[in-house]
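Working notes for the structure below.
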Amino acid sequence: QVQLVESGGGLVQPGGSLRLSCAGSGRTFSSFDMGWFRQAPGKEREFVAGISRYGGYTYFLANSVKGRFTISRDNDKNTVYLQMNSLNPEDTAVYYCAADRRGLDGIRRGVNLDYWGQGTQVTVSS
């Protein structure tokens, strides 16, 4: 069993930055592929970023955030991060992290993933 807790959300002005954290419990955290997703009001949940298990040598980002967001992980701290720069109002959403062991393709699809966090709100507004 893995519990995921997101933090770092908040209100930020357009052009600003935030770093989200997703802290996982358990000694097997490093064996999970991890992903970030977001859901804006009235919209479906969408994939944002994914990073492979263990060393995190493979990762990918949704086209909408490429060049602005980066994903990383620190297995010693059981934490995955989402660094968000150049934020704009369209990035406003609840951001969720997820963990799964079926590979990054499964992470990107975002369906029936093993574990989800409770989400953290990100609001980009002046």
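Here the structure is a predicted model, which is why all the values come from computation and not from measurement.
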Query raised in the report: Among all residues two or more places apart in sequence or in another chain, which pass the salt bridge (charged side-chain N to carboxylate O under 4.0 Å, His left out) test with Arg108?
Result: Asp105
Search all heavy atoms of [X] against all heavy atoms of [Y] and return the closest pair with its distance.
| X | Y | answer |
| --- | --- | --- |
| Ala93 | Ala40 | CB-N, 3.8 Å |
| Arg38 | Ser64 | NH2-OG, 3.6 Å |
| Ala49 | Leu61 | CB-CD2, 3.3 Å |
| Gly55 | Asn75 | N-ND2, 4.5 Å |

Give the table of side-chain donor-acceptor pairs shorter than 3.5 Å for residues 12-27, with sequence neighbours excluded, one pair per line with atom names and distance.
residue	atom	partner	partner atom	Å
Ser17	OG	Asn85	OD1	2.9
Ser25	OG	Gln3	N	2.9

Could you check whether any side-chain N or O of [X] sits under 3.5 Å from a backbone N or O of [Y], counting only pairs where one atom can act as donor and the other as acceptor?
| X | Y | value |
| --- | --- | --- |
| Thr120 | Gly9 | yes |
| Asp33 | Gly103 | yes |
| Asp100 | Asp114 | yes |
| Thr92 | Val124 | yes |
| Thr123 | Leu11 | no |
| Gln118 | Val5 | no |

Query - Ring center gap for Phe47 and Phe60 short of 6.0 angstrom - result: yes
Does [X] belong to the same Ile/Leu/Val/Met/Phe/Trp/Tyr cluster as [Y], with side-chain heavy atoms less than 4.5 Å apart forming each link?
| X | Y | answer |
| --- | --- | --- |
| Tyr81 | Phe29 | no |
| Phe37 | Tyr95 | no |
| Ile71 | Val65 | yes |
| Tyr115 | Met34 | yes |
| Val48 | Met84 | yes |

Query raised in the report: Got Trp116 and Leu4 here, is their nearest side-chain heavy-atom distance under 4.5 Å?
Result: no
Requested in this report: Only pairs at least two apart or in different chains count here, so list each salt bridge (charged side-chain N to carboxylate O under 4.0 Å, His left out) that has a residue in residues 59-79.
Outcome: Arg68-Asp91
Query raised in the report: Where do Tyr59 and Leu104 land on the side-chain contact (heavy atoms from CB on, under 4.5 Å) test, with the steps shown first?
Result: CA-CA 8 Å; Tyr59 64 92; Leu104 285 179; 5.9 Å; no
Query raised in the report: Under 6.0 Å from the six-membered ring centre of Phe32 and within 45° of its axis: does the NZ or CZ of Arg101 meet both?
Result: yes
**Report entry** Separation of Tyr96 OH from Leu113 CG (nearest 0.5 Å)
**Finding:** 13.5 Å
